[in-house]
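Quick notes on the structure that follows.
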Amino acid sequence: MAVVEDELSLVFSALADPTRRAILERLAHGDATVNQLAEPFAMTQQAVSKHLKVLEHARLITRTRTAQSRPCVLDAEHLDAAAGWIVRHRQIWVGRHDRLDEHLAALQAGQRRDEGTT
């Protein structure tokens with residue numbers, strides 16, 4: 001497996017897993033401890049902790065210290081950066097798709113003309 005280093009790749013890699021996306025959705029509603037985050041999943045607290053480490057490494061969450069607990073907090077800054085990348089590139093992809101549609105329509109129109117002359 002390739003080593004992922006740049007921040008955008010770390011974010012997309014973290015978002016690739018449905019459990020991590022579900023954790024982020026939960027944290028969008030407020031801070032939560034590992035136990036609270038583990039509740040809806042059929043997995044151990046240790047497995048959830050591994051997912052949290054990936055999210056923390058991607059800088060999508062931070063852990064604060066409140067007395068004895070260490071609640072997890074959503075840090076949307078890097079999520080916003082990934083969303084911005086998608087928006088910028090979506091405009092490029094849409095433009096290419098539109099040009100492809102135009103090209104295909106022109107090819108089909110040319111075929112119809114050729115078929116009509118034979």
Side-chain angles (χ1 to χ4, degrees):
M1 188 161 92
V3 177
V4 179
E5 291 298 326
D6 70 276
E7 290 183 10
L8 193 58
S9 294
L10 288 171
V11 170
F12 284 127
S13 179
L15 293 174
D17 186 274
T19 301
R20 291 193 285 266
R21 290 192 306 269
I23 289 170
L24 290 175
E25 285 181 43
R26 165 56 184 86
L27 290 174
H29 298 288
D31 304 354
T33 64
V34 175
N35 288 335
Q36 292 169 327
L37 293 170
E39 284 175 11
F41 301 107
M43 63 177 66
T44 65
Q45 181 181 345
Q46 184 180 14
V48 171
S49 290
K50 287 182 181 181
H51 284 292
L52 294 175
K53 285 181 183 178
V54 171
L55 292 170
E56 199 170 16
H57 184 66
R59 295 173 42 181
L60 294 173
I61 67 167
T62 57
R63 295 190 200 198
T64 60
R65 187 171 297 278
T66 306
Q68 295 297 322
S69 68
R70 292 193 59 197
C72 298
V73 179
L74 179 65
D75 183 351
E77 181 181 340
H78 289 89
L79 200 54
D80 291 342
W85 184 91
I86 291 171
V87 167
R88 286 189 305 277
H89 287 81
R90 185 175 190 276
Q91 294 168 350
I92 294 167
W93 300 327
V94 167
R96 288 181 181 171
H97 186 264
D98 290 345
R99 287 192 304 277
L100 178 60
D101 282 345
E102 292 169 6
H103 179 69
L104 293 174
L107 288 175
Q108 288 175 340
Q111 277 183 332
R112 280 185 241 138
R113 277 195 307 267
D114 291 345
E115 290 172 359
T117 60
T118 55

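Nothing fancy with the numbering, it's 1 onward along the sequence.
Here the NE2 atom belonging to His51 is positioned 5.0 Å from the CG atom belonging to Asp17, to the nearest 0.5 angstrom. Summarising the geometry, atom CG belonging to Leu10 is positioned 9.0 Å from atom CG belonging to Leu60; distances are rounded to the nearest 0.5 Å. Atoms OG1 and CZ, on Thr19 and Arg21 in that order, are 8.5 Å from each other to the nearest 0.5 Å. Interatomic distance, Leu79 CG to Ile61 CD1, rounded to the nearest 0.5 Å: 12.0 Å.
In this structure, Leu8 and Ala82 approach most closely via the heavy-atom pair CD1-CA, 3.6 Å. The shortest heavy-atom contact between Cys72 and Leu27 is O-CD2, 3.4 Å.
Within the structure, salt bridge (charged side-chain N to carboxylate O under 4.0 Å, His left out) pairs that include any residue of residues 32-60 comprise Glu7-Arg59, Glu56-Arg63 (at least two apart or interchain).
Cluster membership check: Leu24 does not share its hydrophobic cluster with Val54, using side-chain heavy-atom separations under 4.5 Å among Ile, Leu, Val, Met, Phe, Trp and Tyr.
Under the 3.5 Å distance criterion, the side-chain polar atoms of Arg20 are left unmatched by any main-chain donor or acceptor of Leu15.
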Scan the side chains in residues 28-37 for donor-acceptor partners under 3.5 Å anywhere in the protein, sequence neighbours excluded, and list what turns up.
residue: Thr33; atom: OG1; partner: Gln36; partner atom: N; Å: 3.2
residue: Thr33; atom: OG1; partner: Gln36; partner atom: OE1; Å: 3.4
residue: Asn35; atom: OD1; partner: Gln45; partner atom: NE2; Å: 3.4
residue: Gln36; atom: OE1; partner: Thr33; partner atom: N; Å: 2.7

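Remark: Phe41 pairs with no residue by the ring-ring contact (aromatic ring centres under 6.0 Å, His included) rule, at least two apart or across chains.
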